[in-house]
There are 2 protein chains.
Amino acid sequence: MVKRPGQATKSSASGRPVMVLLEALGKRWALRVIWELSNNNPCTFRELQSLCEEVSPTSLNNRLKDLRQLGLVELTSHGYALTNYGRSLSDLLLPLDRWANDWADWLA
Amino acid sequence: MVKRPGQATKSSASGRPVMVLLEALGKRWALRVIWELSNNNPCTFRELQSLCEEVSPTSLNNRLKDLRQLGLVELTSHGYALTNYGRSLSDLLLPLDRWANDWADWLA
DNA sequence: CTTGACGCTACGTAAATTGTAGCACAATAA
DNA sequence: TTATTGTGCTACAATTTACGTAGCGTCAAG
């Protein structure tokens with residue numbers, strides 16, 4: 001399904017890590033799932049579903065498979081949670097919230 | 001096509017800016033185009049195409065339409081370029097390169 | 001005028017995503 | 001035992017998105 005760093009993908013023949021990452025994060029709901037997990041940790045499948053606008057279970061499961069394979073998310077006994085690496089990635093994304101607010105003001 | 005902050009989308013009924021952003025960045029080639037433009041500024045349509053693994057012109061054009069509508073990219077007399085806001089967003093994404101390298105080492 | 005580069009579109013095909021229904025399993029309560 | 005509830009998740013048909021190829025219209029240079 002999803003490709004790991006080093007593996008050639010349609011969006012990155014080189015397999016260069018950042019390209020593989022950008023492709024993985026560019027799939028629908030990927031960024032959103034990471035975002036929601038960073039604020040709701042851990043989280044059941046159905047909780048995640050409702051946090052993500054009632055996304056279809058098929059899509060959510062596909063995305064979760066990807067993120068688990070990439071070592072960003074894991075399924076624990078208490079539900080889905082970010083791994084340490086997933087957490088470090090979500091930390092990098094945190095500034096997007098403030099940025100988006102400024103952006104929205106500017107666009108308005 | 002793409003939605004702007006404040007507008008309800010399938011991925012964000014609220015229209016909350018960060019959600020709209022995450023949805024926009026979650027479309028294929030969106031992150032990659034921003035990434036390539038941050039290193040190649042400005043850039044012709046065909047240059048962008050080859051930087052993005054020969055993405056189809058249909059897809060590239062759709063994504064560029066989105067990004068222009070969101071005020072992140074503009075078409076200047078010298079080619080496609082990030083706007084000031086687009087640049088400030090790409091600056092937030094820069095750390096992803098280093099992060100992805102560490103991540104790849106850890107996954108290996 | 002022809003050649004080349006530009007941004008971009010048309011069109012048919014392939015792939016991803018969706019919505020709905022519901023399965024298999026485990027824990028809880030009657 | 002039986003029923004109920006909650007869990008993660010799958011099947012399937014339909015819609016939406018992305019794709020690959022060909023090529024258009026424009027413009028500047030030769």
Side-chain angles (χ1 to χ4, degrees), chain A residues 1-3 7-13 19-20 22-34 36-37 40-70 72-83, chain B residues 1-3 7-13 19-20 22-34 36-37 40-70 72-83:
Chain A
M1 211 101 194
V2 78
K3 296 296 169 44
Q7 297 181 325
T9 76
K10 282 195 180 173
S11 300
S12 173
M19 298 308 176
V20 173
L22 294 182
E23 179 173 1
L25 298 182
K27 292 186 142 189
R28 197 160 189 202
W29 299 111
L31 282 166
R32 177 67 174 266
V33 164
I34 293 172
E36 295 299 343
L37 280 181
N40 304 276
N41 204 351
C43 207
T44 70
F45 188 94
R46 284 171 146 95
E47 281 171 343
L48 259 182
Q49 220 185 327
S50 72
L51 286 169
C52 295
E53 319 281 338
E54 303 299 344
V55 55
S56 77
T58 318
S59 303
L60 179 57
N61 191 40
N62 281 337
R63 217 50 59 230
L64 285 172
K65 276 182 196 165
D66 293 349
L67 296 175
R68 289 168 77 177
Q69 199 163 343
L70 296 176
L72 303 177
V73 168
E74 59 190 351
L75 177 54
T76 74
S77 56
H78 300 83
Y80 283 98
L82 293 172
T83 63
Chain B
M1 213 104 195
V2 77
K3 296 294 169 46
Q7 297 181 325
T9 76
K10 282 194 180 172
S11 299
S12 172
M19 298 308 177
V20 173
L22 293 183
E23 180 173 1
L25 298 182
K27 293 188 143 189
R28 196 161 190 201
W29 299 111
L31 282 167
R32 177 67 173 265
V33 164
I34 292 171
E36 295 299 342
L37 280 181
N40 304 275
N41 205 350
C43 207
T44 70
F45 187 93
R46 285 171 146 95
E47 281 170 345
L48 259 182
Q49 222 185 326
S50 71
L51 285 170
C52 294
E53 320 280 337
E54 303 299 345
V55 55
S56 77
T58 318
S59 304
L60 178 57
N61 192 39
N62 282 337
R63 216 51 58 230
L64 285 171
K65 276 183 196 166
D66 293 349
L67 296 175
R68 289 167 78 177
Q69 199 163 345
L70 296 176
L72 303 178
V73 168
E74 59 189 350
L75 177 53
T76 73
S77 56
H78 300 82
Y80 282 100
L82 293 172
T83 63

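Here is how names work: the chains are called A, B, and so on, in the same order as the sequence lines, proteins then strands, and each is numbered from 1.
- To the nearest angstrom, P of D:dA18 lies 17 Å from CD of B:Glu53.
- Nucleotide D:dT10 holds its C1' atom 10 Å from the CZ atom of A:Phe45, rounded to whole Å.
- A donor and an acceptor atom, one from each side chain of B:Ser12 and B:Thr9, are nowhere located under 3.5 Å apart.
- The CH2 atom of A:Trp29 sits 15.0 Å away from atom CG of A:Asn61, with the distance rounded to the nearest 0.5 Å.
- B:Leu64 places its CG atom 11 Å from the P atom of C:dT9, with the value rounded to the nearest Å.
- Contact annotation: B:Arg28 does not reach the phosphate of C:dA15 (side-chain N/O to OP1 or OP2, under 4.0 Å).
- B:Asn61 has no side-chain polar atom (N or O) that falls below the 4.0 Å cut-off from OP1 or OP2 of C:dG7.
- The CH2-P distance, from B:Trp29 to D:dC19, rounds to 6 Å in whole Å.
- For B:Glu74 against B:Leu82, the heavy-atom pair with the smallest separation is OE2-O, 4.1 Å.
- A:Ser11 and A:Glu23 make their closest contact through CB-OE1, 3.1 Å (heavy atoms, listed as atom of the first residue, atom of the second, distance).
- Candidate nucleotides C:dT17, C:dT9, C:dT20 were compared by shortest atom distance to the side chain of A:Thr58, and C:dT20 ranks first.
- The separation between B:Asp66 atom CG and D:dA18 atom P is 8 Å, rounded to whole Å.
- A distance of 8.0 Å separates CG in A:Asn41 from OG1 in A:Thr76, rounded to the nearest 0.5 Å.
- Protein atom CZ of A:Arg32 is 16 Å distant from nucleotide atom P of C:dT17, rounded to whole Å.
- Straight-line distance from the CD atom of A:Gln49 to the C1' atom of D:dT10: 13 Å, rounded to whole Å.
- Listed pair A:Ser59 / C:dT18 meets the phosphate criterion, a side-chain N or O lying under 4.0 Å from OP1 or OP2.
- Where B:Glu47 and B:Lys65 each meet DNA chain C at their nearest nucleotide, the meeting point lying more 5' is that of B:Glu47.
- Rounded to whole Å, atom P of D:dT16 lies 16 Å from atom CZ of B:Arg63.
- You'll find a donor-acceptor pair under 3.5 Å spanning the side chain of A:Arg46 and the base of D:dG8, going by distance alone.
- Taking for each of B:Pro57 and A:Leu75 the nucleotide of DNA chain D with the nearest heavy atom, the 5'-most of the two is the partner of A:Leu75.
- Donor-acceptor pairing under 3.5 Å, judged by distance alone, is absent between the side chain of B:Thr44 and the base of C:dA5.
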